[in-house]
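Report on the following structure.
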Number of protein chains: 2
Amino acid sequence: MELRTLRYFQAVAEELSFSRAAERLHIAQPALSRAVRDLEEELGTPLLARNKHKVRVTPAGAVLLRETGVLLGLAEEAARKVQRTALGQEGELRLGYIGPPTRDFLAGVLREFRIRYPRVTVILEERTPERVWEMVLKGRLDLGLTRPVTAGERLGLETLLLREEPLCAVLPSGHPLAKVESLEWSSLRGQPLIVLARREGVGLHDRVLLGCQRAGFPPTLAHTPSIVGTVLTYVESGAGIGVVPESVATLAGADTMVFKPLHPVELVSLVLVWNREHENPVVEAFCALVRELMATG
Amino acid sequence: MELRTLRYFQAVAEELSFSRAAERLHIAQPALSRAVRDLEEELGTPLLARNKHKVRVTPAGAVLLRETGVLLGLAEEAARKVQRTALGQEGELRLGYIGPPTRDFLAGVLREFRIRYPRVTVILEERTPERVWEMVLKGRLDLGLTRPVTAGERLGLETLLLREEPLCAVLPSGHPLAKVESLEWSSLRGQPLIVLARREGVGLHDRVLLGCQRAGFPPTLAHTPSIVGTVLTYVESGAGIGVVPESVATLAGADTMVFKPLHPVELVSLVLVWNREHENPVVEAFCALVRELMATG
DNA sequence: AGCGGTAATACCTTGTCGGTATCACCAACT
DNA sequence: AGTTGGTGATACCGACAAGGTATTACCGCT
């Protein structure tokens with residue numbers, strides 16, 4: 001049973017005439033007669049009762065006509081769905097991100113994305129930066145919003161640099177170092193430091209260690225909480241000096257703490273990452289939108 | 001887009017291998033490659049991503065695979081439904097009948113029919129005998145349970161004689177004629193008669209008139225109600241003598257009225273009628289069942 | 001480097017589909 | 001009643017698409 005045959009049958013059953021149906025289908029009448037006869041043979045039962053001048057639909061034919069309508073409709077719809085999916089206008093986007101530093105960025109992009117691609121379902125997954133990389137690599141995510149990994153393990157993964165930001169020290173307002181114009185890494189020597197746990201972000205954590213190492217001293221890690229907000233809480237309570245990316249400043253109350261850029265500048269960045277081989281049109285649409293938004297505003 | 005192509009695509013997408021899929025489909029691998037390529041061309045988008053040694057399903061392909069599953073399932077189911085319908089095992093039977101005299105007969109047959117053909121929906125329509133004939137003729141009913149029509153207007157309609165029954169007189173128990181052994185039509189001369197309205201059944205009504213005519217007198221019609229039960233009510237109230245088919249006796253209380261066969265016997269019959277040209281398998285199944293039940297019990 | 005296995009390509013064969021011409025038949029209208 | 005127009009079926013033919021065979025190009029794995 002083929003869709004072509006069903007289309008033919010449908011035409012005849014609707015027109016109740018082989019010749020008119022043939023005309024409508026732009027084929028010759030004998031071809032149509034044969035097609036219907038073959039279909040009847042295949043199903044083992046007459047579908048149209050023809051007594052030389054009148055065509056009637058048999059009960060079996062009536063059933064087939066109904067089913068054919070459904071079938072042909074679904075087939076057409078399926079083709080459209082496939083094409084929409086190919087254009088990135090339909091489907092789903094599994095997007096992994098790393099939490100606070102990406103939330104404001106995500107919010108803006110997603111708002112616009114949902115407007116332009118309303119039939120795409122965005123599935124958000126919050127994970128650690130390494131886990132995001134791993135999941136993108138394994139295909140469990142279509143797209144990751146994360147920090148670059150230190151190791152060069154970008155096997156076939158495409159990245160797009162979104163933002164670079166300097167590392168800052170966070171101090172309680174009353175801290176002696178809070179009033180200097182510009183803070184040197186070396187000033188942190190001996191100070192109790194509060195840094196995000198390494199398991200929550202190898203890139204960021206190691207970058208802090210690197211800053212200290214370049215300034216020629218080993219850091220004194222007082223606490224390594226697993227949530228960025230907790231770093232700020234520790235600082236507020238006077239437990240030490242926090243080292244965080246600049247964007248974290250937006251999370252903090254401005255009067256109780258001060259953020260000081262550290263010199264020499266150590267940059268941490270935010271990237272989009274995806275598997276180019278997967279050639280997912282939704283991913284491409286999303287990246288295109290991100291590029292566009294970065295260019296315009 | 002053809003079902004054949006979709007079957008091919010499905011095989012490849014499931015096996016994730018052209019050669020294995022080709023084996024499963026019992027065709028050669030190059031044919032498969034071409035079929036899938038053509039399908040991709042038709043839909044205007046890659047469905048399978050093949051990098052020489054691995055086959056992956058693209059997002060568009062995943063969508064098509066899902067839709068294909070539905071489509072092929074429905075197609076198969078449709079074919080089965082058509083075949084079941086052709087065998088009379090599925091579908092509907094629009095059955096017209098004429099009321100009281102057929103109810104007991106119908107009940108028995110329908111009970112058995114529903115057991116043997118549980119997927120056939122029986123639609124019952126109660127009409128006058130003429131209306132049943134007309135509807136069967138016009139194809140608005142598949143089958144009629146009615147009385148034969150007097151006119152020979154059985155154009156292509158097949159009939160099956162179910163039952164013949166004599167006409168009876170119904171009298172109140174106290175009536176002078178109630179005690180005679182056998183009642184002659186001629187005894188009805190001058191008696192007020194109660195007969196079913198002609199519009200409710202030309203055949204029955206005219207047969208009563210014929211009985212009187214043969215006995216050589218014109219009937220005195222006291223009442224012609226449109227419901228058989230009302231005939232009995234009139235008789236009970238002493239309004240006259242009813243003339244009804246024998247089977248109506250089952251409707252009446254035995255103590256207040258008596259039923260007397262009329263001589264010479266005038267038979268009215270009950271027939272099944274259907275349009276042979278329609279070749280409806282459900283109709284044939286029903287008739288076969290009726291014949292079988294009449295033969296056995 | 002060589003082997004096994006993959007999908008793609010080139011080319012040929014065949015079966016199927018569609019077209020033309022014609023027939024048989026019925027219906028409606030002279 | 002005979003004719004004519006229109007129906008679907010049949011016979012036959014041609015074209016093209018589908019499938020098959022042989023081969024190539026490429027990759028991963030020994």
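Everything numeric here is computed off the predicted structure, so don't read it as measured data.
Summarising the geometry, the separation between NE2 on B:H26 and C1' on D:dA18 is reported as 18 Å, rounded to the nearest angstrom. If you measure from atom CZ of A:R4 to atom P of D:dA17, you get 13 Å, rounded to the nearest angstrom. Between the CZ atom of A:F18 and the C1' atom of C:dC26 there is a distance of 16 Å, given to the nearest Å. Here D:dA9 presents its C1' atom at 14 Å from CG of A:L48, a figure rounded to the nearest Å. Atom CD of B:E15 and atom C1' of C:dT6 are 15 Å apart (whole Å). Rounding to whole angstrom units, CG of residue A:L25 and C1' of C:dG19 are separated by 15 Å. A straight line from CD1 of B:I27 to C1' of D:dT21 spans 14 Å, rounded to a whole angstrom. The CD atom of B:E41 sits 12 Å away from the P atom of D:dA17 (whole-angstrom rounding).
Side-chain proximity of B:Q29 to the nucleotides D:dG19, D:dA18, C:dA8 is greatest for C:dA8. For A:V55, whose side chain is taken as the heavy atoms from C-beta onward, the closest listed nucleotide among C:dT9, D:dA11, D:dG8 is D:dG8. In the set D:dT10, C:dA7, D:dA22, the nucleotide with an atom closest to the side chain of A:P30 is D:dT10.
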Tabulate below the donor-acceptor pairs under 3.5 Å that side-chain atoms of residues 68-80 of chain B make, not counting sequence neighbours, or state none.
residue : atom : partner : partner atom : Å
B:T68   : OG1  : B:L64   : O            : 2.7

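Under 4.0 angstrom from either OP1 or OP2 of C:dA7 there lies no side-chain N or O belonging to B:S33. Considering only side-chain N and O atoms, B:S17 lies under 4.0 angstrom from the phosphate OP1 or OP2 of C:dA7. Taking 4.0 angstrom as the limit, B:S19 places none of its side-chain polar atoms (N or O) nearer than this to OP1 or OP2 of C:dG5. Of the side-chain N and O atoms in B:R50, none sit less than 4.0 angstrom from OP1 or OP2 of C:dT6.
Along DNA chain D, the nucleotide nearest B:A28 and the nucleotide nearest A:R37 are compared for position; the residue whose nucleotide lies closer to the 5' end is A:R37.
Donor-acceptor pairing under 3.5 Å is recorded for the side chains of B:Y97 and B:E126.
If you check every strand for non-hydrogen atoms under 4.0 Å, B:R34 touches a base.
Rounded to the nearest 0.5 Å, atoms CG (B:L289) and CE (B:M294) are 10.5 Å apart.
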For the pair A:L43 and A:M1, evaluate side-chain contact (heavy atoms from CB on, under 4.5 Å) and give the outcome as yes or no after the intermediate values. CA-CA 9 Å; A:L43 291 175; A:M1 211 168 62; 4.3 Å; yes
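The two residues B:E92 and B:D142 make their nearest non-hydrogen contact at O-OD2, 3.7 Å.
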